[in-house]
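Step one of this worksheet: look at the structure below.
Here the structure is a predicted model, which means the values were calculated and not measured. Residue numbers start from 1 in every chain, and the chains themselves are labelled A, B, ... in the order their sequence lines are given, proteins ahead of strands. Every heavy atom of this structure was used, including side-chain atoms; hydrogens, water molecules and symmetry mates were not.
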Amino acid sequence: MKIATWNVNSLKVRLPQVLDWLAAQRPDVLCLQELKLEDKDFPLGEIAAAGYRAAVSGQKTYNGVAILARHEPQDIQRGIPGFDDIQQRIIGATVDDPSGPLRIVCAYIPNGQSVDSDKYQYKLRWLTALTAWLRGELEKYPRLALLGDYNIAPEDRDVHDPEAWKNQVLCSEPERDAFRALIGLGLSDVFRRFEQPEKSYSWWDYRMMGFRRNRGLRIDHILCSQTLAEHCTTCTIDKTPRKLERPSDHAPVIAELD
DNA sequence: ATGTCTCAGGGACTGAGA
C-alpha cells in the first residue's frame with residue numbers, strides 16, 4: 001500500500017504532471033492540496049482514465065483538497081465538524097486496503113502568513129480544532145493517516161537555515177507545539193522512522209533559486225496512527241517533479257505500508 | 001532584492017495569497 005501527498009499549487013496547471021506522476025509511481029492513495037478550482041471543474045474524467053476515483057472539496061481561486069484512490073472513497077467528511085470555515089482545507093475518507101479499511105485525512109493547514117497576522121491566529125485556532133477532532137477520529141478509526149501540507153517545519157533539521165527562520169511563521173514554537181500535540185494523539189511522523197538524507201525538504205520558495213540552492217523546508221508530512229506506523233516500510237520525498245518545467249513549489253511525499 | 005508563481009477582475013495590469 002503506497003500513500004502519498006502533494007501540494008500541486010493549481011490542479012489546472014499541474015494536471016499533466018499529476019497524471020505523469022500517477023503513471024510513474026502508481027500510488028494507491030494520493031492526497032492533493034491547493035487545487036484552486038471548484039468541484040465542478042475537477043478533472044474527474046482524466047483522473048478516472050488514469051485509474052483513480054476521487055473525493056473532492058474544492059473552491060474558487062484558493063485552497064481545495066482531494067483524495068485519489070483506486071476505488072471510490074467512502075464516508076467522505078469535508079471540513080472539521082463544529083469548526084466554521086469557508087476555506088476548503090480538509091477532507092477525510094475511507095479507502096480499501098487488503099489489510100483492512102484505511103481512514104485517510106487530507107489536510108491543507110493554513111499558512112499563517114506571519115506570526116503577527118490574523119492569519120497566524122486563524123492557523124493556531126484551526127490546528128486546535130483539528131487536534132480535538134482527530135482525537136475522536138483515532139478512536140473510531142485505529143488505521144488512520146493524516147497527510148498533507150502542514151505549513152510547519154517540526155524541527156530545526158527540517159529547515160535549511162534555522163537561525164534565519166527562528167520564530168518565523170512555519171517554524172515558530174506555537175506552531176511546533178501544535179505539531180507535537182498531533183504527535184501526542186499517538187500519531188507518528190513516518191519520515192523520521194527511517195534513515196534520511198541530510199537537508200531533506202519538501203518545499204522550496206520559487207524565488208532566489210530556492211530549489212537549486214536547496215533552501216527549503218520540510219512542511220509536508222505523513223502522520224500515521226500507531227497500528228499503521230508499525231507497518232510502514234519506507235517514507236521518501238520525490239524531488240523529481242520539482243525539477244520539471246513549471247513545477248509546483250512542493251514535492252510529493254510517499255510512504256509504503258506492508 | 002518587494003527577487004516567483006497562480007488566480008481574478010476586466011480587458012493591461014494590479015493585488016492577494018503563498
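Remark: side-chain polar atoms of A:Q88 are not paired, donor with acceptor, to backbone N or O of A:K36 under 3.5 angstrom.
Judged purely by distance below 3.5 Å, without hydrogens or angles, the side chains of A:Q74 and A:T94 never pair a donor atom with an acceptor atom. Side-chain polar atoms of A:D249 and A:W204 form no donor-acceptor pair below 3.5 angstrom. Between the side chains of A:Y108 and A:N151, no donor N or O sits under 3.5 Å from an acceptor N or O.
Side chains of A:I222 and A:I3 form a contact here, defined as non-hydrogen atoms less than 4.5 Å apart.
Residue A:F211 contributes atom CZ, which lies 19 Å from atom C1' of B:dA18 at whole-angstrom precision. Taking atom CG of A:N7 as the reference point, atom P of B:dA18 lies 11 Å away to the nearest angstrom.
Taking atom P in both B:dG3 and B:dA16, the straight-line distance is 14 Å, to the nearest Å. Annotation: B:dG10 and B:dT6 have their P atoms spaced 23 Å apart (nearest Å). Rounded to whole Å, the separation between the C1' atoms of B:dG17 and B:dT2 comes to 15 Å.
A:R242 comes within 4.0 angstrom of no nucleic acid atom, judged by non-hydrogen atoms across all strands.
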Check your understanding: Checking salt bridge (charged side-chain N to carboxylate O under 4.0 Å, His left out) for the pair A:R176/A:D156: CA distance, chi angles, key distance, verdict?
Key -> CA-CA 10 Å; A:R176 288 179 170 179; A:D156 279 353; 3.0 Å; yes

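Residues from residues 109-124 of chain A that place a heavy atom under 4.0 Å from any atom of DNA chain B, listed by number: A:N111, A:K119.
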Donor-acceptor contacts, no H, no angles, side chain residues 226-233 of chain A, under 3.5 Å, sequence neighbours left out:
| from | atom 1 | to | atom 2 | distance (Å) |
| --- | --- | --- | --- | --- |
| A:T227 | OG1 | A:P142 | O | 2.9 |
| A:H231 | ND1 | A:D258 | OD1 | 2.9 |
| A:T233 | OG1 | A:E256 | O | 3.3 |

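No continuous path of hydrophobic side-chain contacts links A:I67 to A:I47 [ILVMFWY only; heavy atoms under 4.5 Å].
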Check your understanding: Which nucleotides of nucleotides 4-15 of chain B have their base under 4.0 Å from a protein heavy atom (B), which only their sugar-phosphate (S), and which neither (-), written as one string 5' to 3'?
Key -> BSSSSS------

